[in-house]
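Okay, so here's the structure we're looking at.
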Amino acid sequence: MSTARVVRRVAVFGGTHGNEMSGVYLVKRWLQNQEAITRSSFLTVPCIANPRAVERCRRYIDVDLNRQFTQEHFSMDFPPSTAPYEVHRAVELNKKFGAKGEAFDVIIDLHNTTSNMGNCLIIGSSMDSFTLQMVKYLVQRSGLVCPVFLTENTVPQLEMADSKRLGVHGISLELGAQPQGVLLADIYLRHERLVHTCLDFIHKFNQGEVFPPETLEVYRILHVVDYPRNNDNDLSAMVHPELQDKDWHPLKPGDPMFLTLDGETIKYEGDSTVYPAFINEAAYYEKGIAFWATQKETLNVTELQVKTK
């Protein structure tokens with residue numbers, strides 16, 4: 001059996017990317033009326049993570065905030081004045097929510113994607129029994145189909161310096177497909193349901209409910225796949241129509257993957273089946289990512305209860 005300390009503080013972030021609208025507007029609403037996200041056993045604090053980007057309805061001002069939660073930045077009290085705005089903001093958030101501040105127990109970060117990811121739950125560790133049990137609770141109790149994206153990887157280049165690092169435990173709720181700068185009612189409502197289900201789990205945990213051993217299906221990142229490019233590093237192909245919107249579907253060797261601008265099919269030549277995620281995400285063009293290749297795994301989740309001493 002695993003135990004974890006009672007949860008005292010939970011933060012709900014929206015607007016880590018300023019043009020991902022369901023999280024922005026849920027947090028704006030909760031900042032006006034926090035009663036909806038109040039549970040008697042812990043404090044819940046809503047936060048607009050990147051207010052300048054939200055004001056301009058842009059993903060970020062200088063650099064992607066969700067890649068700035070690094071140990072280097074966490075060690076700073078005051079970044080250089082010339083540092084990007086999002087570095088300053090990451091340091092500020094760490095002072096309030098992270099180890100340099102009140103050390104929040106759980107961070108729930110709300111995101112949207114232009115990819116057909118559905119109700120994706122993003123976690124960073126296969127060893128955190130609390131988060132794994134919370135995710136299993138979401139899968140079982142939310143009434144939604146929730147694929148789980150595991151960003152844990154031993155390759156340093158794939159390390160995710162995202163907001164989940166601020167808390168003792170963390171989860172990102174990545175819902176799509178939704179265009180940037182657009183607010184879709186169904187996704188807004190699904191986001192709201194998932195947040196409430198997270199908070200319900202935490203309250204039950206604090207009240208002493210024991211969560212039994214479980215298994216959890218996850219999609220673990222393997223590597224990124226970039227678009228084919230020409231000598232000028234410009235795109236020479238696009239996602240094949242048979243792959244488009246097929247997030248979480250198996251991509252087998254020999255399956256169509258890209259279509260050149262001249263209409264020729266480029267097939268997947270890998271040695272094994274992978275499960276693409278974030279296919280043709282608009283924000284990833286600048287990062288050189290056509291999709292993430294993942295592998296499907298089943299994790300064993302240990303029994304969990306609150307630590308009493």
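Just the heavy atoms: all of them, side chains too, but no hydrogens, waters or symmetry mates, feed the values below.
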Next on the checklist: Using only atom types and a distance under 3.5 Å, with no angle test, would you say the side chain of Gln34 pairs donor to acceptor with the backbone of Thr38?
Outcome noted: no

Next on the checklist: How about NZ on Lys296, more than 12 heavy atoms from neighbouring residues, nucleotides or ligands closer than 6.0 Å, or not?
Outcome noted: yes

Next on the checklist: I'd like to know if the side chain of Ser125 pairs up with that of Asp128 as donor and acceptor (distance under 3.5 Å, no hydrogens or angles considered).
Outcome noted: no

Item to check | Any side-chain donor near an acceptor of the partner, Tyr60 and Arg67, under 3.5 Å | outcome: no

Item to check | Heavy-atom donor-acceptor pair, Arg193 side chain to Ser142 backbone, under 3.5 Å | outcome: yes

Checklist outcome for this item: When rounded to the nearest 0.5 Å, the distance separating CZ of Phe104 from CG of Leu43 is 6.0 Å

Checklist entry - Quick check: does any side chain N or O of Glu303 sit under 3.5 Å from a backbone N or O of Val210, one acting as donor and the other as acceptor? => result no

Next on the checklist: Heavy-atom count check: over 12 atoms from other residues, nucleotides or ligands less than 6.0 Å from Arg56 CZ?
Outcome noted: no

Checklist entry - Within the distance-only criterion (no hydrogens, no angle test), does the side chain of His191 pair as donor or acceptor with the backbone N or O of Glu174 below 3.5 angstrom? => result no

Checklist entry - Just by distance, with hydrogens left out, do Asp247 and Tyr275 show a side-chain donor and acceptor under 3.5 Å apart? => result no

Checklist entry - Ion pair present between Glu92 and Arg89, side-chain N to carboxylate O less than 4.0 angstrom? => result yes

Next on the checklist: Just to verify, what does Phe69 make a ring pair (Phe, Tyr, Trp, His ring centres under 6.0 Å) with, not counting sequence neighbours?
Outcome noted: none

Checklist entry - Does CD in Glu286 sit with more than 12 non-hydrogen atoms of other residues, nucleotides or ligands closer than 6.0 Å? => result yes

Checklist entry - For Leu259, what are the other residues in its hydrophobic cluster, where any two members join if their side-chain heavy atoms are less than 4.5 angstrom apart? => result Met238, Leu261

Checklist entry - Where the side chain of Asn230 meets the backbone of Asp232, is there a donor-acceptor pair that is under 3.5 Å apart? => result yes

Checklist outcome for this item: Taken to the nearest 0.5 Å, the spacing of Gln140 CD from Gln133 CD works out to 8.5 Å

Next on the checklist: Under a 3.5 Å threshold, yes or no: a donor from one side chain and an acceptor from the other, between Ser22 and Asn112?
Outcome noted: yes

Item to check | Side-chain donor-acceptor pair present, Thr302, Ser129, cut-off under 3.5 Å | outcome: yes

Checklist entry - Is it true that a side-chain atom of Gln180 and a backbone atom of Asn19 form a donor plus acceptor pair closer than 3.5 Å? => result no

Checklist entry - Should the pair Phe149 and Trp248 be assigned to parallel (<30°), tilted (30 to 60°) or perpendicular (>60°) ring geometry? => result perpendicular

Item to check | salt bridge (charged side-chain N to carboxylate O under 4.0 Å, His left out) assessment of Lys164 paired with Asp109 | outcome: CA-CA 7 Å; Lys164 298 191 298 299; Asp109 197 7; over 6 Å; no

Checklist entry - Is a salt bridge present between Lys204 and Asp200, judged by a nitrogen-to-oxygen distance below 4.0 Å? => result no

Checklist entry - Out of Thr113, Asn66, Asp64, which one pairs with His17 under the side chain to side chain donor-acceptor pair (under 3.5 Å) rule? => result Asp64

Checklist entry - Got a second to check how far Asn116's CG is from Phe278's CZ, nearest 0.5 Å? => result 12.0 Å

Next on the checklist: Please determine whether side-chain contact (heavy atoms from CB on, under 4.5 Å) holds for the pair Phe211 and Lys136, giving the CA-CA distance in whole Å, both sets of side-chain angles, and the decisive distance to 0.1 Å.
Outcome noted: CA-CA 10 Å; Phe211 297 90; Lys136 187 66 179 186; over 6 Å; no

Checklist entry - Are any side-chain N or O atoms of Thr197 and backbone N or O atoms of Leu138, one a donor and one an acceptor, separated by less than 3.5 Å? => result no

Checklist entry - How close do Pro84 and Val63 get, heavy atom to heavy atom, and via which atoms? => result CB-CG2, 3.8 Å

Checklist entry - What residues, two or more places apart in sequence or in another chain, satisfy salt bridge (charged side-chain N to carboxylate O under 4.0 Å, His left out) together with Glu297? => result Arg220

Checklist entry - Which class fits the ring pair Phe258 and Tyr227: parallel under 30°, tilted 30 to 60°, perpendicular over 60°? => result tilted

Checklist entry - Quick one: does Asp105's side chain have a donor or acceptor within less than 3.5 Å of a partner on Val168's backbone? => result no

Checklist outcome for this item: In terms of heavy-atom contacts, Thr298 and Thr215 come closest through CG2-CB, 3.8 Å

Next on the checklist: Walk me through whether Phe205 and Phe130 qualify under ring pair (Phe, Tyr, Trp, His ring centres under 6.0 Å).
Outcome noted: CA-CA 9 Å; Phe205 168 79; Phe130 177 91; 5.0 Å; yes

Next on the checklist: As a quick check of understanding, evaluate side-chain contact (heavy atoms from CB on, under 4.5 Å) for Ile202 and Phe42, giving each step before the final call.
Outcome noted: CA-CA 8 Å; Ile202 295 168; Phe42 58 90; 3.4 Å; yes

Next on the checklist: Please determine whether a side-chain nitrogen of the Lys or Arg among Glu281 and Lys287 lies less than 4.0 Å from a carboxylate oxygen of the Asp or Glu.
Outcome noted: no

Checklist entry - So with a 6.0 Å cut-off around CE of Met1, is the heavy-atom count from everything else above 12? => result yes

Item to check | Short side-chain to backbone donor-acceptor contact, Asp255 and Tyr268, under 3.5 Å | outcome: no

Checklist outcome for this item: Rounded to the nearest 0.5 angstrom, the CG-CG distance for Leu175 and Leu184 is 10.5 Å

Next on the checklist: In this structure, is the centre-to-centre distance between the rings of Tyr25 and Tyr188 below 6.0 Å?
Outcome noted: no

Next on the checklist: Could you measure the distance from the SG atom of Cys198 to the CD1 atom of Ile171? Nearest 0.5 Å is fine.
Outcome noted: 5.0 Å

Next on the checklist: Within a 6.0 Å radius of atom CZ on Arg52, are there more than 12 heavy atoms belonging to other residues, nucleotides or ligands?
Outcome noted: no

Checklist entry - Under 3.5 Å, side chain of Ser115 to main-chain N/O of Ile279, donor-acceptor pair present? => result yes

